[in-house]
Amino acid sequence: MTRPDALLEVAYDEALRGLAEGGVPIGAALFDADGTLLGSGRNRRVQYDDPSVHAETDAFRAAGRRRDYRPTIMVTTLSPCWYCSGLVRQFGIGTVIIGEDSTFHGGHDWLAEHGVRVLVLDDARCVRLMSEFIAARPELWFEDIGVAPTDGN
């Protein structure tokens with residue numbers, strides 16, 4: 001397998017594109033087992049006004065149809081939420097490489113419990129990118145992870 005940090009570069013570049021577009025800076029890429037890029041994407045919920053366009057789903061869609069996803073590797077800058085973890089399970093993606101899980105801990109423990117190989121890189125750039133975004137745009141971040149705003153009471 002290609003070095004995990006080299007695969008993360010594609011997802012990280014997508015996250016930066018998303019931030020530049022005014023969106024949530026999460027990027028993802030789907031690779032074949034030999035490291036061939038199949039598709040990449042970013043969280044485009046804001047850009048497309050579509051709550052289903054998370055980074056992992058964008059990369060998955062860009063990769064196109066395959067008969068078997070078990071040998072594929074999903075690389076994402078942030079721990080996948082339950083929605084994206086469900087995509088990994090539904091299609092049997094065999095490996096998930098995560099840039100960081102300290103700003104958000106999604107469903108990757110559940111994936112590991114169900115046989116998905118999970119590798120968390122604790123990449124400092126990914127942590128910094130999300131930490132700065134959350135501090136600057138908390139309302140957009142909480143919308144993205146499905147946390148309802150408080151009513152002030």
Q | side-chain hydrogen bond (donor to acceptor under 3.5 Å, both in side chains) partners of residues 129-138, not counting sequence neighbours, each pair once | A | Arg137-Glu139
(Q) If the condition is salt bridge (charged side-chain N to carboxylate O under 4.0 Å, His left out), which residues does Asp13 pass it with, not counting sequence neighbours? (A) none
Q: Apply salt bridge (charged side-chain N to carboxylate O under 4.0 Å, His left out) to Glu14 and list each qualifying residue two or more places apart in sequence or on a separate chain.
A: Arg17, Arg42
Q | Expected output: side-chain Ser79 to main-chain Gly106 donor-acceptor under 3.5 Å | A | yes
Q. Under the side chain to side chain contact (heavy atoms under 4.5 Å, CB included) test, which residues partner Val118, sequence neighbours left out?
A. Ile98, His108, Leu111, Ala112, Val116, Val120
Q | Side chains of Cys126 and Leu8 in contact at under 4.5 Å (non-hydrogen atoms) | A | yes
Q: Determine the minimum heavy-atom distance between Leu119 and Pro4, stating which atoms define it.
A: CD2-CG, 3.6 Å
Q) In Å, rounded to the nearest 0.5 Å, how long is the span from SG of Cys84 to CG of Asp58? A) 10.0 Å
**Q.** side chain to side chain contact (heavy atoms under 4.5 Å, CB included) partners for Leu19, two or more places apart
**A.** Pro25, Leu129, Phe133
**Q.** Separation of His114 NE2 from Asp109 CG (nearest 0.5 Å)
**A.** 12.0 Å
Q) What pairs with Asp5 under salt bridge (charged side-chain N to carboxylate O under 4.0 Å, His left out), at least two apart in sequence or on another chain? A) Arg3
Q: Using the ring pair (Phe, Tyr, Trp, His ring centres under 6.0 Å) rule, collect all pairs that involve residues 5-64, keeping only residues at least two apart or in two chains.
A: His54-Tyr83, Phe60-Tyr69, Phe60-Phe91
Q.
Could you check whether any side-chain N or O of Glu21 sits under 3.5 Å from a backbone N or O of Gly23, counting only pairs where one atom can act as donor and the other as acceptor?
A. no
(Q) Asp68: which residues meet the side chain to side chain contact (heavy atoms under 4.5 Å, CB included) condition with it, sequence neighbours left out? (A) Arg70, Pro71
Q | Nearest atoms (heavy-atom pairs only) where Met74 meets Glu56 | A | CE-O, 3.6 Å
Q: Identify the heavy atoms of Ala29 and Ala11 that sit nearest to each other, and give their distance.
A: N-CB, 4.3 Å
(Q) In the structure I gave you, are the side-chain heavy atoms of Val46 and Leu140 within less than 4.5 Å of one another anywhere? (A) yes
Q | Set of ring pair (Phe, Tyr, Trp, His ring centres under 6.0 Å) partners for Phe104, sequence neighbours left out | A | Trp141
Q) With no hydrogens and no angle check, is any side-chain donor or acceptor of Thr76 less than 3.5 Å from a backbone partner on Ala28? A) no
**Q.** Partners meeting side chain to side chain contact (heavy atoms under 4.5 Å, CB included) with Ala62 (sequence neighbours left out)
**A.** none
Q | Straight-line distance of Ile134 CD1 to Ile145 CD1, nearest 0.5 Å | A | 7.0 Å
Q: Enter the distance from Asp122:CG to Ser102:OG here, rounded to the nearest 0.5 Å.
A: 7.0 Å
Q) Would you say the side chain of Val88 lies within less than 4.5 Å of the side chain of Pro80, judging by non-hydrogen atoms? A) no
Q.
Just verifying a value: how many Å separate Ile26 CD1 and Leu78 CG, rounded to the nearest 0.5 Å?
A. 5.0 Å
Q: Would you please name every residue forming a side-chain hydrogen bond (donor to acceptor under 3.5 Å, both in side chains) with Thr77, sequence neighbours left out?
A: none
Q. Is Leu38 reachable from Leu7 through a run of hydrophobic residues whose side-chain heavy atoms are each under 4.5 Å from the next?
A. no
Q | Set of residues satisfying side-chain hydrogen bond (donor to acceptor under 3.5 Å, both in side chains) with respect to Arg125, sequence neighbours excluded | A | Glu9, Asp123
Q) Between CG of Leu37 and CD1 of Ile73, what distance do you get to the nearest 0.5 Å? A) 11.0 Å
**Q.** Side chain proximity check, Ile93 to Leu30, heavy atoms < 4.5 angstrom
**A.** yes
Q. With hydrophobic residues grouped by side-chain heavy-atom distances under 4.5 Å, do Trp82 and Val147 end up in a single group?
A. no
